[in-house]
Amino acid sequence: MRRWILFALLLAACGVKAPPTPPDLIVPEAPGDLRAIVREGRLYLSWGLPKKNVDGSKPADIVEFEILRGEGSCPRCPISLSPWREIEVPKGKGAFLWEDTHLETGMTYRYRVRGVNHWGFAGPPSNEVRVTWIAPPPPPRGVFAKGDDRRVYLHWEGIKGAWGYHVYRREEGEDYPLKPVGRVKGKEEFADRGVLNGKRYFYVVRTLARSGETLIEGGSSEEVTVIPEDLTPPSPPVGLVAFVKEGTVELDWFPSEEEDVLGYYVYRKGCEELRFERLNSFPLKETAYSDRLLSKGCYVYAVGAVDNSPRRNEGPLSRWVKVEIR
């Protein structure tokens, strides 16, 4: 035993190290969450970049991805997979998208993806996805968009046999994203509440058909554009009171609790008159007003709130108050 210990010490003293790990063992772990996505009648594979190797070391030693593909005319029959394409891994990229342009209607396709290290050895494959390719459905017609306060309402003509619809939104100067802003099933309408007033938005709608677990998306409808606007006026002010002091009518009311109120307009009319006259040209920030230089008589006052939208929506008048100047 002592001889073995002495021999081990001599090896250590001579700088002899443990044998290196074979390069085929330091391979990237399986890519994550392989998915098949069909947009505008085009099939894409999407997956994530492995963060470590199968032995737990970081970062993952990966220089390219290898796409494994198989095809057959029988959806339920076994299909063997073989290397189909290689994709280089650029630095700084964490998610990948690859389009398969070699598709035939009625054929079933299976896919897996695996990473390859700088020695040329491949790691374990990703999960498998299977797609039976069908003809993409036609786009909807008659798409109509209506803007409202921080929302847009869309509706369109339905396509017979459609599984559902995808709604896409873009802003001026942008392209439509890969991910829809909404998915609709069982109806031909959608309310987009993720918009801002005063901005121009563009929309298209695409029909969905289902093939197994994959939604096949068709081409885009005609594009529609809309600018959401605040069309809802503020509520009437409350708590209006009036009193006379030396021939001047002093008005006071409670401030509005609505955040978009810009100010207030004050109205007056004679007790026997039918129509109110607006007394201030610009909305008041304050919740008080003095009406001076009035002749003797009976007067009625009311106050209305106006919002800060470009339309300057004015709400209904408050409860009236009556005063008499003697």
Side-chain angles (χ1 to χ4, degrees), residues 27-51 54 60 62-90 93-117 120-140 159-168 175-180 182-185 204-221:
V27 292
E29 63 181 1
D33 192 24
L34 177 65
R35 293 184 299 154
I37 305 172
V38 181
R39 296 291 183 265
E40 290 192 282
R42 302 163 73 175
L43 174 62
Y44 299 91
L45 297 181
S46 170
W47 67 91
L49 178 72
K51 296 182 179 180
V54 293
I62 180 170
V63 295
E64 68 178 19
F65 285 108
E66 187 175 56
I67 297 176
L68 308 176
R69 180 182 187 264
E71 63 179 77
S73 58
C74 174
R76 299 183 179 273
C77 297
I79 302 174
S80 60
L81 300 178
S82 58
W84 174 253
R85 291 289 187 274
E86 292 81 33
I87 301 176
E88 292 185 0
V89 179
K93 191 171 184 180
F96 293 83
L97 198 68
W98 176 79
E99 180 186 359
D100 190 350
T101 58
H102 298 75
L103 302 170
E104 294 183 25
T105 301
M107 296 292 289
T108 298
Y109 300 91
R110 291 174 56 197
Y111 301 92
R112 282 192 172 189
V113 177
R114 61 189 181 188
V116 180
N117 67 11
F121 292 99
S126 68
N127 59 293
E128 181 184 300
V129 294
R130 181 187 295 241
V131 178
T132 299
W133 189 248
I134 62 174
I159 297 295
K160 185 177 181 180
W163 182 90
Y165 304 90
H166 274 164
V167 179
Y168 290 85
D175 295 326
Y176 284 105
L178 189 67
K179 184 178 180 180
R183 177 182 293 175
V184 180
K185 185 180 180 183
V204 294
V205 182
R206 301 170 189 166
T207 312
L208 297 173
R210 185 156 192 164
S211 177
E213 298 300 318
T214 305
L215 293 178
I216 307 295
E217 181 188 271
S220 297
S221 67

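Here Leu34 contributes atom CG and Trp98 contributes atom CH2; the two are 10.5 Å apart, rounded to the nearest 0.5 Å. Going from atom CG of Asp33 over to atom CZ of Arg35 covers 5.5 Å, rounded to the nearest 0.5 Å. In this structure, CG on Leu178 lies 6.5 Å from OH on Tyr168, to the nearest 0.5 angstrom. Summarising the geometry, atom CD belonging to Glu99 is positioned 10.0 Å from atom CG belonging to Leu45; distances are rounded to the nearest 0.5 Å. Atom CD1 of residue Ile216 and atom CD1 of residue Ile134 lie 5.0 Å apart, to the nearest 0.5 angstrom. Atoms NZ and NE2, from Lys185 and His166 in turn, are 11.5 Å apart once rounded to the nearest 0.5 Å.
When the shell of 6.0 Å around CZ of Arg210 is examined, it contains more than 12 heavy atoms from other residues, nucleotides or ligands. No more than 12 heavy-atom neighbours from other residues, nucleotides or ligands sit within 6.0 angstrom of CD on Glu213. Counting non-hydrogen atoms of other residues, nucleotides and ligands closer than 6.0 Å to CZ of Arg42 gives a total of 12 or fewer.
In this structure, the side chains of Tyr111 and Asp100 come closer than 4.5 Å at one or more pairs of heavy atoms. Looking at Glu86 and Val116, their side chains never come closer than 4.5 Å, going by heavy atoms from C-beta outward. Residues Trp47 and Ser126 have side chains not in contact (no heavy-atom distance under 4.5 Å, counting atoms from C-beta outward). When side chains are defined from C-beta on, Leu68 does not count as touching Ser82, because their heavy atoms never get closer than 4.5 Å. Phe65 is listed as a side-chain neighbour of Pro50, based on a closest heavy-atom distance under 4.5 Å. Contact check for Thr214 versus Trp133: no side-chain heavy atoms found under the 4.5 Å cut-off. In this structure, the side chains of Val89 and Val63 stay at 4.5 Å or more apart for every pair of heavy atoms. Using a 4.5 Å heavy-atom cutoff, the side chains of Ser73 and Met107 are in contact.
At distances below 3.5 Å, not a single donor-acceptor pair connects side-chain atoms of Thr132 with backbone N or O atoms of Ser211. Between the side chain of Ser221 and the backbone N or O of Pro139, no donor-acceptor pair lies under 3.5 Å. Under a 3.5 Å cut-off, the side chain of Glu217 and the backbone N or O of Glu40 do form a donor-acceptor pair.
Of all heavy-atom pairs spanning Glu29 and Lys51, the tightest one is OE2-N, 3.6 Å. Across all non-hydrogen atoms, the minimal contact from Tyr109 to Glu104 is OH-N, 2.8 Å. Contact detail for Leu81 and Glu128: the closest heavy-atom pair is CD1-OE1, 4.2 Å. Here the closest non-hydrogen pair linking Pro75 and Thr108 is CA-OG1, 3.3 Å. Contact between Arg206 and Ser220 at its shortest, heavy atoms only, is NE-OG, 2.8 Å. Listed here is the closest heavy atom pair of Pro124 and Val27: CD-CG2, 4.4 Å.
Aromatic ring pairs are classed by plane angle as parallel below 30°, tilted from 30° to 60° and perpendicular above 60°; the pair Trp84 and His102 is perpendicular.
In summary, of the residues considered (Leu49, Val54, Ile62), a side chain to side chain contact (heavy atoms under 4.5 Å, CB included) with Pro28 occurs for Ile62 alone.
Between the side chains of Arg39 and Tyr176, no donor-acceptor pair of N or O atoms lies under 3.5 Å.
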